[in-house]
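In what follows, a single structure is set out as structure tokens and then discussed.
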Amino acid sequence: MYPGANRLVALVGPPNSGKTTLFNWMTGHNIKPVNYPGSTVEVFRGDTLSSLGPVFELLDTPGVHSLFPKSPEEEVTLHSLQNGFRNAPVQAVVLVLDATQLSRQIHLLKQVQDLGVPVLVALSMTDLLAKKGKSIDVVEFERVWQAPAVLVDGRLGGGVIDVIKNLPVLSEDPIAGVRRLALKNWTEEQWRQFKQESSGKLARITQSLPSSPGTPKRLDNIDHNSRETHLKGGETDNHQEGQNQTTSESLYRISNENFKGSNLSNPYALTRVGDQWLLSPWLGSVFFLLVMSFLFSGVFYFAAPLMDLLDFGVSQANDAVHVWLGEGILGSFIGDGLIASFGAVIVFLPQIFILFFIIGALEDSGYLARAAVLVDKPLSLVGLGGRSFVPLLSGFACAVPALMAARTIRSQRERWIAMFVLPLTSCSARLPVYGLLLSFVFLGEPAWKPGVSLAGIYMGSVLLSAIAASWLHRVLPSSKGATFALELPIYRWPNFLSLLRHSYFKTKTYLVRAGPLILLFSLLIWVFSSFPVTPGLSKSENFQQSYLAQFGRATEFLVEPMGLEWRTGLALISSFAAREVFVSTLAMLISVSNPNEISDEDSFRGEMLVRMGDLKKQTNDRTFSLASVVALILFFMISLQCLSTVITAYKESGSLRFALAQWGAYTVLAYCLAVLTFQFLHAASSY
Amino acid sequence: MGANVRMRELRVGQSGRITHIGGDSDLRESLYELGFFADRELTVLSRMPFGGPDIVEIDGACIALRSTEAECIQVRIV
């Protein structure tokens, strides 16, 4: 039993209402991403701080505009209210509403109340309301909406204690408990009825409210006929409506009569000015391209010093192991096996971290929503849309969270297209492979050359995704006009600490996912490359007749047409577990096969490059020739060598056929193109 | 009292008061949820080129709407 057990409270609210900020205040940033981290796509849970009062288990649910889900992501929210979390029912809901947007958000309160779950309203963004020269009358709010409410200040953490204070009362309400249990057993018909009643109310409630503060209110010439037309059958409850109409005007108080709305410290004015530039058709596009170039060049620029440092550390560790443990079996396993395998991958962690960090910063600042608007039209030409933009961009970090982020896409058709092409975006697991191959090809040449080539690879992956998407767009049966309707949050400074935390979680997950695979393959490769042990043979002679070498030679015919020999072939086969395993396996295999070679290189990667050069000579300029490197890069651009992605695609699509078809299609296509490319380039270079 | 037009016909910077929301029930519902109701006033802030989304302000919030969604909203120019 952990402290918050059986005191499960769900945080519910519209997107950008300050839900996650409140969550962080209540849990002291002590969050546990449940399952897989991906902003709030998956549910986050955490225990509330004991210093604030009684401990509750808190769930941060995906932002919703209503309880009727439009996307698989929004379903998570309804699902957690309905079924609780891990068999524990939700005892109470903290509904976070943006105090400046009440007229547009208040219907959500009504829906949660109608569901029968006890609810506490946390009115957020009160600091912004103050900047508009307004404040809110909580007592009046509670009276009108029949729900306890507290004001919270996301920036300073005000009101957080009040939230906790009011929770015990809610969660011990026995009548609500009975209704909650009944929720699980609601029939389809009950839900349909609930939805029908609720959408009738939605129109009434929202219309009965005055517009948000700051918007001049005009009650004249209300067109009752038009109101009736769109209500479409929802019977009018005149009594309730009338009551709200008379009282709701006093919801907002003017706290500062002399307030002028147009100074730049006002986030709304700032957002307006910002959008005039950033969302203007042409300047906005230029800025978008600048941001994207900054994103990708920044990843390499900022990561470089850290990568050098890690590289140095790995090479030192390897040397130290060899000194301590000698060249025996243990020394070779730990040094050439484990450290070489992990070293080949951990040097890329800074790039992955920085990529997650910059994407997170762009998202939190509010810019990504604008970027989604800018690319909506171009993406719609290939059957995608603005809502696919964030998943696709995340795909450059890792396809697994990106596939999960695709849940935010409302149209099923668009979601499938996005999920299908996502593995083509150049994920960070490919970086170790591209990095190694490019630094080998451009060894000793100016640094801009591999840089430009890498940019080319990224553009190529964008082009490939576009081709694949437009092909799917043409073959899939078309659906009714897909909706977009995206609310643009105001611009805000991202919270540096919580960004660090999120990037750390994601990078850690990346390592945790790849780690066991790397360990397993290192172990397998070490075992099968050391046995059977024939006495009297040197280490490399023994390797040449090991099980692994036998297997490699037997499968060499598969990779030979794309210019590889059996050791690189083995590395390629092992990379189907995860792409970066290619580098770690290769590191192991070529150091085992040339153990007596002593290089002067003091860096781990330098040593590896020297050995790759040896391999090239041994195969008469075939393996790791320019032709074979280009073919190999093309193979990695297309092929879906990632177990986690295949599994996630299966889970997210709910279709094994989808996952297998995707895997099969990309593997076959990658192989054919790689063979053709190698054969063509190799023939061309011989003339 | 201005003319009754579709929202797409408003110029950038022009405001209109919503008179009617059409389209199928799913689309209407998603527009309601975002605060698009009869009698609410909206302003077109920006319009993406080549028939891209419109950015409109309603009740202090900025919302991007595709042309298919914008087509469903009838307004009276104010």
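Note on naming: letters A, B, ... go to the chains in the order of the sequence lines (proteins, then strands), and numbering restarts at 1 for each one.
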Over all atoms of both residues, closest heavy-atom pair of B:Asp59 and A:Gln101: O-OE1, 3.7 Å
Which portion of A:Arg410 sits near chain B, non-hydrogen atoms under 4.5 angstrom: side chain
Note, A:Trp282 side chain near B:Pro49 side chain (heavy atom, < 4.5 Å): yes
Residue among B:Ile58, B:Leu31, B:Leu65, B:Leu45 with most heavy-atom pairs under 4.5 Å to chain A: B:Leu45
Distance in Å, B:Phe36 CZ paired with A:Arg104 CZ, rounded so as to fall on 0.5 Å steps: 8.0 Å
Within-4.5 Å side-chain heavy-atom neighbours: A:Asp275 and B:Ile55: no
Flag side-chain contact, heavy atom, 4.5 Å: B:Arg66 against A:Lys377: no
Test item: B:Ser46 side-chain N/O and A:Leu279 main-chain N/O as donor-acceptor pair under 3.5 Å: yes
Heavy-atom side-chain proximity of B:Met48 to A:Asp376 below 4.5 angstrom: no
Engaged part of B:Leu34 at the chain A interface, taking heavy atoms whose separation is under 4.5 Å: both
Approximate separation, where rounding is to 0.5 Å, of B:Cys62 SG and A:Arg272 CZ: 6.0 Å
N-O pairing of B:Glu29 and A:Lys70 below 4.0 Å: yes
Donor-acceptor contact below 3.5 Å, side chain B:Glu69 vs main chain A:Ala485: yes
Gap separating the CZ atom of B:Arg47 from the OG atom of A:Ser280, nearest 0.5 angstrom: 14.5 Å
